Amino acid sequence: MPEQCDPRPYDALLLLSFGGPEGPDDVVPFLENVTRGRGIPRERLQEVGQHYFLFGGVSPINAQNRELLDALRKDFAEHGLDLPVYWGNRNWAPYLTDTLRTMVHDGHRRIAVLATSAYASYSGCRQYRENLADALAALQAEGLELPRVDKLRHYFNHPGFVRPMVDGVLASLATLPREVQDGAHLAFTTHSVPTAAADTSGTPDDHTQDGAGGAYVAQHLDVAQVIADAVRAETGVDHPWRLVYQSRSGAPHIPWLEPDICDHLEERHAAGVPAVVMAPIGFVSDHMEVKYDLDTEATAKAAELGLPVARSATVGADPRFAAAVRDLLLERAAAERGRTPERCALGALGAGHDLCPVGCCPARTPRPAAAGADWRGPADRSPA
């Protein structure tokens, strides 16, 4: 097998995602899964679920993951990479534990994991690792032989993730009225998180104590700058930009990253900005938080203001992203075999770590997390 297409020691890839309801009856049970342990009343969940009911109770995320699965399998086949691709979710079918069980029964023992979250944060990285630990513990309790799972590195600055977003911003600018295109501002959006969680995102060396946002904010700012520079190089226009946030869901008294996209649109309109392109760089696909928070809520706010806006596409199942996943897999496989692979990354931050170190994106209440330097295996359930 050619070295450049050798997946060893891995014998399978697991696409690990958040999951979403696929019908009205799924909405509240799905939200109960997402919020388990937080004591949120069912009535409140029904209220929150109205976003899903506007779309027939169906989140787009599962269909989008099926499209990504197809894109990955197609890319692997076209490049002679004989590696099966499975899919499991944290919060809805197909559930992670069920998928891992199937993989074990199919004979897989070295599994690479791609999470559909590109950046460092508790909810975007460590929580996925905690879910992997829980799934492995469940399989161990069933007496199954456990596989080794390795989470692929963060890919926020991989060219195959960034360049489709550049094209998305360029396409969105082109949809604006010609007279406002050159003056349009760029609003790069991502999920807001509590400032305390942002400050402890990334490795301990990344952590801050002043609301600056640790690795989570730094990584988004780095990608935003790369995209803005590429748009300027392509158009000859220097579009002002800002990183803004959406989808806040916490208690009002807890500080979260700001400004919110709707507040930002109001501020830009008051400042006389003629148009805004909203670019959801924090999301892999056009799932509910993009469809509702941007396409519905923020777009309605812009219409109320009389502010022209356009929303650029997420990466989704773009063939360049599928190729990037293949690159990440083969890069990690080569490293596991003792090679020193080329590690593709744009921007100033460079390629991230393969193995999350101790203290990376810690939870408020520590729990065991697989696929990191602090993982001792499901037999030892004490957190590191």
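Numbers here simply count residues along the sequence, with the first being 1. Predicted model only: the values in this text are computed from it and were never measured. Below, all heavy atoms of this structure are taken into account, side chains as well, without hydrogens, waters or symmetry copies.
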Basic-acidic side-chain contact under 4.0 Å: R320, D167 = yes

Do Y292 and W256 belong to the same hydrophobic cluster, where Ile, Leu, Val, Met, Phe, Trp and Tyr are linked whenever their side-chain heavy atoms lie under 4.5 Å apart, directly or via other members?
-> no

Answer yes or no: is there an ion pair linking R110 with D150, defined by an N-O contact shorter than 4.0 Å?
-> yes

Considering only heavy atoms from C-beta outward, does the side chain of V315 approach that of S285 to under 4.5 Å?
-> no

Would you please test L13 and V325 for side-chain contact (heavy atoms from CB on, under 4.5 Å) and show each step?
-> CA-CA 10 Å; L13 174 69; V325 174; 4.0 Å; yes

Sorted by chain and residue number, the salt bridge (Lys or Arg N to Asp or Glu O under 4.0 Å) partners of E78 (sequence neighbours excluded) come out as K74

Going by heavy atoms in the side chains, are T116 and L16 under 4.5 Å from each other?
-> no

Verify salt bridge (charged side-chain N to carboxylate O under 4.0 Å, His left out) between E32 and R42, making sure each step is shown before the conclusion.
-> CA-CA 8 Å; E32 287 174 336; R42 186 177 180 85; 2.7 Å; yes

Dump the intermediate steps for side-chain contact (heavy atoms from CB on, under 4.5 Å) on V104 and L100, then the final yes or no.
-> CA-CA 6 Å; V104 169; L100 273 180; 5.5 Å; no

Judged by modelled atom types alone, do H264 and Y245 share a side-chain donor-acceptor pair under 3.5 Å?
-> no

Go through the structure and list residues passing side-chain contact (heavy atoms from CB on, under 4.5 Å) with A233, not counting sequence neighbours.
-> none

Grouping ILVMFWY residues whenever side-chain heavy atoms fall under 4.5 Å, the cluster of V276 otherwise contains V244, I261, L265, V273, M278, F283, V290, L294, L305, L307, V309

Between D75 and R326, is there a side-chain N and carboxylate O pair less than 4.0 Å apart?
-> yes

Using the test side chain to side chain donor-acceptor pair (under 3.5 Å), find all partners of T208 that sit at least two apart in sequence or belong to another chain.
-> D199

Under a 4.0 Å N-O cut-off, is there an ion pair linking R101 with E142?
-> yes

Is any side-chain heavy atom of M165 closer than 4.5 Å to a side-chain heavy atom of T314?
-> no

Main-chain N/O of I281 paired to T190 side chain as donor or acceptor, under 3.5 Å | no

Kindly indicate, with the supporting measurements, whether the criterion ring-ring contact (aromatic ring centres under 6.0 Å, His included) is fulfilled by Y155 and F321.
-> CA-CA 10 Å; Y155 47 85; F321 182 47; 5.5 Å; yes

Indicate the atoms forming the closest heavy-atom contact of L31 with L45, along with that distance.
-> CD1-O, 3.3 Å

side-chain contact (heavy atoms from CB on, under 4.5 Å) with F53: which residues, sequence neighbours excluded?
-> P24, V27, Q50

By salt bridge (Lys or Arg N to Asp or Glu O under 4.0 Å), E67 pairs with (sequence neighbours left out) none

Taking the side chain as every heavy atom from C-beta outward, state whether R311 and P280 have any atom pair closer than 4.5 Å.
-> yes

With a 4.5 Å limit on heavy-atom distance, are the side chains of F76 and V85 in contact?
-> yes

Sidechain-backbone polar pair: D354 side chain, R332 backbone, donor-acceptor under 3.5 Å | no

Between R129 and D374, is there a salt bridge with N-O shorter than 4.0 Å?
-> yes

Donor-acceptor pair, side chain of H239 and main chain of A184, under 3.5 angstrom = yes

Identify, with sequence neighbours excluded, every residue that meets side chain to side chain donor-acceptor pair (under 3.5 Å) alongside D238.
-> none

What are the two closest non-hydrogen atoms of A333 and P9, and how far apart are they?
-> O-CD, 3.9 Å

Without hydrogens or angle criteria, can the side chains of N33 and Y95 be said to hold a donor-acceptor pair below 3.5 Å?
-> yes

Kindly write out the residues that satisfy side chain to side chain donor-acceptor pair (under 3.5 Å) with E22, not counting sequence neighbours, or none if the list is empty.
-> N62, R66

Mind checking side-chain contact (heavy atoms from CB on, under 4.5 Å) for E130 and listing every partner two or more places apart, or none if nothing turns up?
-> Y122, R126, Q127, A363, R367, A369

Flag for Y86-D106: side-chain donor and acceptor within less than 3.5 Å | yes

Non-neighbouring partners of D206 that pass side chain to side chain donor-acceptor pair (under 3.5 Å), sequence neighbours left out = T203

Does the side chain of L176 reach to within under 4.5 Å of the side chain of V277, using non-hydrogen atoms?
-> yes

Please step through ring-ring contact (aromatic ring centres under 6.0 Å, His included) for the pair H287 and F18, ending with a clear verdict.
-> CA-CA 10 Å; H287 54 63; F18 192 81; 7.9 Å; no

Considering all heavy atoms of both residues, which atom of Y216 and which atom of S121 are nearest to each other, and what is their separation?
-> CD1-CB, 3.7 Å

Scanning both residues in full, the closest heavy-atom pair of L349 with A218 reads CD1-O, 3.8 Å

State whether a side-chain donor-acceptor pair under 3.5 Å links H207 with T200.
-> no

With sequence neighbours left out, the residues meeting salt bridge (Lys or Arg N to Asp or Glu O under 4.0 Å) with K301 are E266, E304

Do V223 and Y119 come close enough that some side-chain heavy atom pair is under 4.5 Å?
-> yes

Charged N to carboxylate O below 4.0 Å: is that the case for R339 and E331?
-> no

Side-chain donor/acceptor of H79 to backbone N/O of L81, under 3.5 Å = no

Verify ring-ring contact (aromatic ring centres under 6.0 Å, His included) between F188 and W241, making sure each step is shown before the conclusion.
-> CA-CA 7 Å; F188 295 108; W241 63 270; 5.7 Å; yes

When you check the side-chain N and O atoms of S172 and S312, is any donor under 3.5 Å from an acceptor?
-> no

Could you tell me which non-hydrogen atom of A71 sits nearest to which non-hydrogen atom of A322, and how far apart they are?
-> O-CB, 3.8 Å

Is there a donor-acceptor pair closer than 3.5 Å between any side-chain N or O of Q246 and the backbone N or O of T189?
-> no

Minimum heavy-atom separation for G352 to R153, with atom names?
-> O-CD, 3.7 Å

Check for a donor-acceptor pair, side chain of S17 on one end and backbone N or O of N89 on the other, with a separation under 3.5 Å.
-> no

Is there a side-chain contact between P378 and Q140 (heavy atoms, below 4.5 Å)?
-> yes

Take L96 and Y128 through the test side-chain contact (heavy atoms from CB on, under 4.5 Å) and record every step on the way to the result.
-> CA-CA 10 Å; L96 169 59; Y128 281 94; over 6 Å; no

Do NZ/NE/NH1/NH2 and the carboxylate oxygens of R248 and D293 come within less than 4.0 Å?
-> no

Do any N or O atoms from the side chain of Q219 and from the backbone of A120 form a donor-acceptor pair under 3.5 angstrom?
-> yes

Looking at residues at least two apart in the chain, or sitting in another chain, which of them share a side-chain contact (heavy atoms from CB on, under 4.5 Å) with D260?
-> C262, D263

List the steps and the verdict of side-chain contact (heavy atoms from CB on, under 4.5 Å) for I111 and Y10.
-> CA-CA 6 Å; I111 298 170; Y10 298 112; 5.9 Å; no

Using a distance-only test with no angle check, is there a side-chain donor-acceptor pair under 3.5 angstrom linking E289 and H191?
-> yes

